[in-house]
Amino acid sequence: MQSYTIGQAARLLGVSPDTARRWADAGRVATHRDEGGRRLIDGRDLAAFSIEVAQGGGSGDEDVSYTSARNAFPGIVTAVKLGDVAAQVEIQAGPHRLVSLLTREAVEELGLEVGMQATARVKSTSVHIDRT
């Protein structure tokens with residue numbers, strides 16, 4: 001499972017690294033240390049926490065700005081639902097929840113799993129997923 005540094009998590013959550021660090025210090029999201037002593041957040045924990053933050057669970061004291069550069073929404077995969085042929089992938093990109101319907105084969109080729117970093121690209125009414 002992929003893990004994220006405090007800085008990476010902050011970028012995915014759309015907050016400053018100081019805010020993400022305060023949330024970790026307060027126990028709002030679990031962390032562990034790597035061999036180098038850096039604090040890391042498990043991808044599944046970050047995915048769950050990103051949903052909580054997007055639903056208004058943030059502290060409200062951070063000065064957050066959200067942008068979409070050329071319709072790209074970098075975020076974290078929060079759900080993958082596989083059918084026999086089709087699949088549904090949900091990405092939490094800051095306060096934005098994006099859902100893409102694509103083939104099961106595409107999801108498997110990209111290796112998409114909950115907790116992974118991914119980018120949703122929006123064109124017209126389609127949402128495309130790029131693995132990052």
Residue pair Ser50 / Leu12, side-chain heavy-atom distance below 4.5 Å: no
Single-linkage hydrophobic cluster, 4.5 Å side-chain cutoff, Val29 and Val114 together: no
Side-chain touch Phe73/Ile91, heavy atoms, less than 4.5 angstrom: no
Electrostatic pair Arg21-Asp18, nearest N-O below 4.0 angstrom: yes
Straight-line distance of Asp25 CG to Ile6 CD1, nearest 0.5 Å: 7.5 Å
Distance, nearest 0.5 Å, that separates CD1 of Ile76 from CD1 of Ile41: 9.0 Å
Where Gly94 and Ala54 come nearest, the two heavy atoms and their spacing: O-CB, 3.8 Å
Closest approach of Gln8 to Thr5 (non-hydrogen atoms, all atoms of both residues): OE1-N, 2.9 Å
Distance (rounded to the nearest 0.5 Å) between Gln55 CD and Gln92 CD: 7.5 Å
Atom pair CG (Leu98) and CD1 (Ile129), whose distance is rounded to the nearest 0.5 Å: 7.5 Å
Closest approach of Ala10 to Ala20 (non-hydrogen atoms, all atoms of both residues): CB-CB, 3.8 Å
Contact summary for Ala72 and Arg121, nearest pair of heavy atoms: CB-NH1, 3.2 Å
Glu113 vs Val80 side-chain heavy atoms within contact, under 4.5 Å: no
Separation of Leu46 CG from Thr31 OG1 (nearest 0.5 Å): 12.0 Å
Shortest non-hydrogen separation from Pro74 to Ala93 and the atoms involved: O-CB, 3.3 Å
Cationic N near anionic O, under 4.0 Å, Glu90 to Lys81: yes
Any donor-acceptor pair under 3.5 Å from Arg44 side chain to Gly115 backbone: no
Atom pair CZ/NE2 of Arg38 and His32 - distance to nearest 0.5 Å: 10.0 Å
Flag side-chain contact, heavy atom, 4.5 Å: Gln117 against Arg11: yes
Within 6.0 Å of CD in Glu108, more than 12 heavy atoms from elsewhere: yes
Linked, directly or transitively: Leu82 and Val77 (ILVMFWY side chains, under 4.5 Å): yes
Whether over 12 other heavy atoms sit under 6.0 Å from Arg97 CZ: no
